[in-house]
Peer 1: 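Could you have a look at this structure, given as structure tokens, before my questions?
All values below were derived from every heavy atom in this structure, side-chain atoms included, with hydrogens, water molecules and symmetry-related copies excluded.
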Amino acid sequence: MADPADRVAADRKFPTAFTRSAKGFGAWLFSGEGSGLGSKVWQTLRLGLKSLLLHKLRSGLAILGILIGVTAVIWLVAMGEGVSYQAQQQIKDLGANNIIIRSTKPPADAMRGGGFVIAYGLLRDDYERIVENVPTLTQVVPMREITREARYVDNVTDVQLVGCTAKYREMNNLHMARGRFLTDQDMAEGVNVCVLGDQTAKTLFPYQDPIGEFVQIEDAFYVVVGQTQNRTASAGIGGSMAAKDYNSDIYIPLSTLRARIGDLVITSRAGSREGEQVELSQITVTVRDLEQVDQTADIIRTLLEKFHPVTDYAIVVPKELLRQAQVLQMMFNLLLVLIAGIALLVGGIGIMNIMLATVTERTREIGIRRALGAKQRDIVSQFLSETIVLSATGGLLGVFLGFLCRPAIVGTRAVMTQIFPDVMSSLPPNIRQLEPRLAAWSIIAAFMISVGVGVLFGLYPARRAARMDPIEALRHE
Amino acid sequence: MAMAARIIDVHKHYVLKGGITVRALRGVSIDFPEGDFVAIMGTSGSGKSTLLNLLGCLDRATTGQYILAGQDVSQLDDDELSDIRSRYLGFIFQSYNLIAQLTVVENIELPLSYQGNVSREARQRCLDMAEMVGLGERLDHRPFQLSGGQQQRVAIARALVNNPRVILADEPTGNLDSATGEEIMQMLEALNAAGKTIIMVTHEPDIAARAHRTLRMRDGLLEQHSPDAAIT
């Protein structure tokens, strides 16, 4: 006879055999009877890992599918974020509180003025009207720019001659390398002073301090009072705003520019002469309150419409552009996630395929386990844990590779620049200077999705395994 | 005498795909007292495998009762039957049926782990069982590193680890040479002598002769007996 103590113990256990089955899956999963919480989960996972290691190549390929998907999500999102961060940064440089009004040349058949001179653009009266009628502004900065040739002794270069006020420096985040910027007094007196952009200064004065020297533009001489630091170019936005390269500028007081050069610009072309009369190239206004930007833009638009029968100006609202860029980025991200989702889906199908093969191959094992007391859910959790181990491993490796995005791109760029310098320099700066920005959400989402894919695509093979008839399964060769 | 298991007027019908009904068992009643050692013989198709599957709770009778350890288990659902298997039954198969990727001790552990019992005591019991069948030195071996006889001994240890009410052996010596088969039979006899109830299916008369009694199946019925008569 069997040990009576064992028998008693067995009888005592009997009722629990039936109550146990009523417990939920989760309760079962974490009921580490005997040796602590979660030991059953750990054991199941360990077993899954062990089975997977029996088929290293097969498991490796399944993992690769998920890995590529996860890496794709992280890399694509990082690059998308990098591009849009760049764009948004450039827009932010324009100032979210600013509204930029620029003169634009209208179509040829709708121009003011007669003869060969065409007049268009913003007027000094417009400036006055804005200053007087729009109450929400903290500052209004007018500006006029013309391309001119600047000369110092034998050094000659084409520059952008910018007539502006003292506030122009602050508004455009220009920093002084030497000397000072223009002052209100310069403006009031209309004196011949100038401030050189970084590149202009280096071209005209390669070996000496320009401060106090005289630069010749047309037939007038301007004394150099300052030099700005190198500043990255701002973005060109739409058709209404060209990219602005501050480094080849020369700044002079607006009043000086009007007195010395005037509004009329004559350009000679083969056989004919053409004149353009523009009073102001740009007026930049700063709105006191960010909330009032849209409203203020509307007021200015209405105001200008009254005095400009032909639309010869454009109003750029950086805040609006920023909003558009953000919406665009969201759509872009959505698209990337969709593409990456497809990659993960393909990985998931790969996993399912392999698990179905595994289930068929291990039919007999399933029969044995069932005979020894495995419930259907034990079989489900066994196979599901294998797919989760597969997909989570792929996910983790994918995240690891995801972190290599930045060094990989920077490295590739460095190598490409070495091998194909011409090709690289012909690429637009957005691509040349692209800095991928890892998005935390994309890393978390990619990993979660990969595990989700494992569960989703593992469920069918696992259920199929669990629902096998144990007798048939045992008979399987 | 206390009964380890009883089956009472058990019928089992299968409906094949063509709609043909196969009557694999046509009213079988048997009592298995505790400490019994029964051999079931019969030609292929006689219903002995079906009977063994029912006794092993791997299948349910179409009609009739199966009482195991004082409980009628004939109407239990799949989960409950799984639990019965892990607690009250031990299986020994012709082809050992060890799980290839698990070690000796992990194979022995399986019935306990499906009870949810992964305690230190459970582990110790597995080690004791391995020791008992003479494989205490090979705990971390894989099945493919063992001979057929050794594998079958692991299977016996696995069948004993949950202290079952009934051990079901399906051709336990069928894949072994006669010397090894003899070893296994001696082990089964020793277990029976220690009080274990053993039900063994075999087609070898000399193996069947080692049991206390032999039942013969034929056409879904017990031979030599009327369908309703129970053996006592």
Side-chain angles (χ1 to χ4, degrees), chain A residues 1-7 9-11 13-23 28-29 31-36 39-40 42-44 46-47 49-55 362 364-379 466-467 469-475 477, chain B residues 2 4 34-35 49-50 52-53 56-59 69-71 76-91 93 95-102 106-107 109-123 158-159 161-165 168 170 194-197:
Chain A
M1 279 289 153
D3 179 6
D6 274 350
R7 184 53 47 81
D11 281 336
K13 274 180 194 165
F14 197 84
T16 64
F18 300 99
T19 52
R20 256 175 58 82
S21 61
K23 280 191 209 164
W28 163 82
L29 202 62
S31 68
E33 288 181 29
S35 65
S39 68
K40 184 144 194 170
W42 170 238
Q43 207 186 2
T44 311
R46 198 174 55 90
L47 214 83
L49 193 64
K50 213 167 171 177
S51 302
L52 292 172
L53 286 175
L54 285 182
H55 301 282
R362 284 158 66 185
R364 196 185 179 89
E365 180 193 326
I366 294 163
I368 298 167
R369 287 179 182 275
R370 293 283 278 136
L372 298 180
K375 297 182 179 64
Q376 292 197 2
R377 60 170 176 264
D378 291 320
I379 303 295
R467 290 191 172 174
D469 178 3
I471 299 168
E472 290 292 327
L474 273 171
R475 221 179 273 154
E477 287 305 319
Chain B
E34 283 186 357
S49 294
T50 305
L52 196 72
N53 289 338
C57 289
L58 290 166
D59 206 350
Q71 283 266 337
L76 298 184
D77 68 20
D78 191 89
D79 273 4
E80 291 164 338
L81 285 180
S82 301
D83 219 84
I84 295 288
R85 289 197 295 272
S86 76
R87 287 170 195 272
Y88 302 106
L89 295 172
F91 288 88
F93 301 93
S95 47
Y96 331 126
N97 277 349
L98 300 180
I99 292 175
Q101 66 267 34
L102 300 186
E106 284 168 339
N107 265 290
E109 247 176 358
L110 277 175
L112 295 181
S113 76
Y114 285 127
Q115 285 177 23
N117 185 354
V118 289
S119 61
R120 189 165 298 146
E121 295 76 45
R123 186 78 178 186
R158 184 177 67 183
V161 76
N162 57 348
N163 192 27
R165 292 294 176 90
L168 298 165
D170 186 2
K196 289 289 172 198
T197 309

Peer 1: Looking at B/Asp78, B/Asp59, B/Leu110, B/Leu102, which has the largest count of heavy-atom pairs under 4.5 Å with chain A?
Peer 2: B/Asp78
Peer 1: Please look at A/Arg369 and chain B and tell me whether the side chain, the backbone, both or neither of the residue comes under 4.5 angstrom of a heavy atom of that chain.
Peer 2: both
Peer 1: Between B/Leu98 and chain A, which part of the residue has a heavy atom less than 4.5 Å away: side chain, backbone, both or neither?
Peer 2: backbone
Peer 1: Restricting to non-hydrogen atoms, name the atom on B/Leu58 and the atom on B/Arg85 that form the minimum distance, rounded to 0.1 Å.
Peer 2: CD2-CD, 3.7 Å
Peer 1: Looking at CG of A/Leu372 and CD1 of B/Ile99, how far apart are the two atoms once the value is rounded to the nearest 0.5 Å?
Peer 2: 6.5 Å
Peer 1: With B/Asp170, which residues qualify under salt bridge (charged side-chain N to carboxylate O under 4.0 Å, His left out), at least two apart?
Peer 2: none
Peer 1: Less than 4.5 Å to any heavy atom of chain B: does that hold for the side chain of A/Arg370, its backbone, both, or neither?
Peer 2: both
Peer 1: Considering residues at least two apart in sequence or located in another chain, which fulfil the side-chain hydrogen bond (donor to acceptor under 3.5 Å, both in side chains) criterion with B/Glu121?
Peer 2: B/Ser119
